[in-house]
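What follows is a set of notes on a single structure, which appears directly below.
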2 protein chains.
Amino acid sequence: MNDIDGRPGASSALADETIFSVIHAAHALEDKLEEALEKAHLSMPKYSVLKELVSAGEALSLGELASRLSCVRSNMTQLVDRLEADGLVRRVACPTDRRSVKAEITEAGRDRQAEGSKEVTRLQDAVASSVPVEDRATLVRLLAHLK
Amino acid sequence: MNDIDGRPGASSALADETIFSVIHAAHALEDKLEEALEKAHLSMPKYSVLKELVSAGEALSLGELASRLSCVRSNMTQLVDRLEADGLVRRVACPTDRRSVKAEITEAGRDRQAEGSKEVTRLQDAVASSVPVEDRATLVRLLAHLK
DNA sequence: TATGTACAATTCATGCATGAACGATATTGA
DNA sequence: TCAATATCGTTCATGCATGAATTGTACATA
């Protein structure tokens, strides 16, 4: 006796506003993440770039970075501008393709990424442990589903 | 035998990147929503304001709108600027408090909100029906949890 | 009543995201 | 070889979000 309004699809305790609820919940999570990273003086986009550079283990072109972080190139241009101003990254010319510019992480960048990572891990643990054990498998499944 | 890395909290198939997965999934959902609303020539923030005004059934002060949509006032100032430029809303002076400005929806605004609502409902149904029946209760529970 | 405090909206600076237009360089194919 | 085409990064215009500073108004109380 759910599906009160009789619309097909809106059944079984899935409210009319589920989409907004999910988005809202994610935003709340995002805010927590931003808050945690702030302790390391980093924003999420900046942290993502540093993390990518560290895990790649080498300098990456701006286009490659944009592609890996799923954003447009012009965004990466600005982001790297800011990271460069912070001294966390530096632009280096690509020797094999003169159109391309690579972003190389600096020592300061490495340090900041490590600090950020600590904070992220802390939050990660807190959030993970707040998810009821019996719901974890479902969460993972839902996530895979909504890809 | 989960919890491979042995960190407390990071257990039972909850990967190290769960936070990012959730945020990423929500962003994907958000993109779909933006895409749907685009058919009604609306952005999510604009739609939210119109929806709030319709459901309130009366003009609301910018501060009230900001508070209901959980954003800062300066943001609402700009948003209403754009909505006003679109002819979907109009500013009216508050008779009882000369500091306050109310946003009143126009006829065009009402129409657009209705169009947007149709698109949102369509997407809502599609998403809802893509969530496995046996996972729905859990989803609702998780959402309530992450409030 | 005058004054200090609280509150409303705005403006400004900044960050982050997009897409269009552009110049420089690579690559392809006639 | 050289003209068309594709790709790379940048710039610019725009939207949306924040917080700080400002202006105008309301209100409490000394």
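Numbers restart at 1 for each chain; the letters A, B, ... are given by sequence-line order, proteins then strands. When reading the values below, keep in mind they use all heavy atoms of this one structure, side chains included, and skip hydrogens, waters and symmetry mates. Here the structure is a predicted model, which means the values were calculated and not measured.
Here A/E107 pairs with A/R110 in a salt bridge; the nearest charged N to carboxylate O distance falls below 4.0 Å.
Using the six-membered ring where Trp is involved, B/F20 and A/Y47 have ring planes that are parallel, under 30° apart on the 30 and 60° scheme.
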B/V101/B/V92 under side chain to side chain contact (heavy atoms under 4.5 Å, CB included): CA gap, chis, key distance, verdict: CA-CA 6 Å; B/V101 175; B/V92 300; over 6 Å; no

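When each of D/dT18, D/dT10, C/dG15 is scored by its nearest atom to the side-chain atoms of A/R91, the top-ranked nucleotide is D/dT10. With distances taken from any side-chain atom of A/R73 to the nucleotides C/dT10, C/dA9, D/dT10, the minimum falls on D/dT10. When each of C/dC16, D/dT11, C/dA9 is scored by its nearest atom to the side-chain atoms of A/N75, the top-ranked nucleotide is C/dC16. Closest contact between the side chain of A/V101 and the listed nucleotides D/dG9, C/dA17, C/dA26 involves D/dG9. The side chain of B/R98 lies closest to D/dA26 when the candidates are D/dA26, C/dT18, C/dC12. If you check D/dG9, C/dA26, C/dC16 against the side chain of A/S43, the one that comes closest is C/dC16. Listed nucleotides D/dT10, D/dA17, D/dT11 differ in distance to A/L62; the shortest reach to its side chain belongs to D/dT10.
As a whole-Å value, the separation of B/H27 NE2 from D/dA17 P is 11 Å. Atom CD in B/E30 sits roughly 14 Å away from atom C1' in C/dC16 (whole-Å rounding).
Contact annotation: the side chain of B/T138 never approaches that of A/L139 to less than 4.5 Å [non-hydrogen atoms, C-beta and beyond].
Taking for each of A/P45 and A/R99 the nucleotide of DNA chain C with the nearest heavy atom, the 5'-most of the two is the partner of A/P45. Sequence order on DNA chain C of the closest nucleotides to A/T96 and A/E34 puts A/E34 first from the 5' end.
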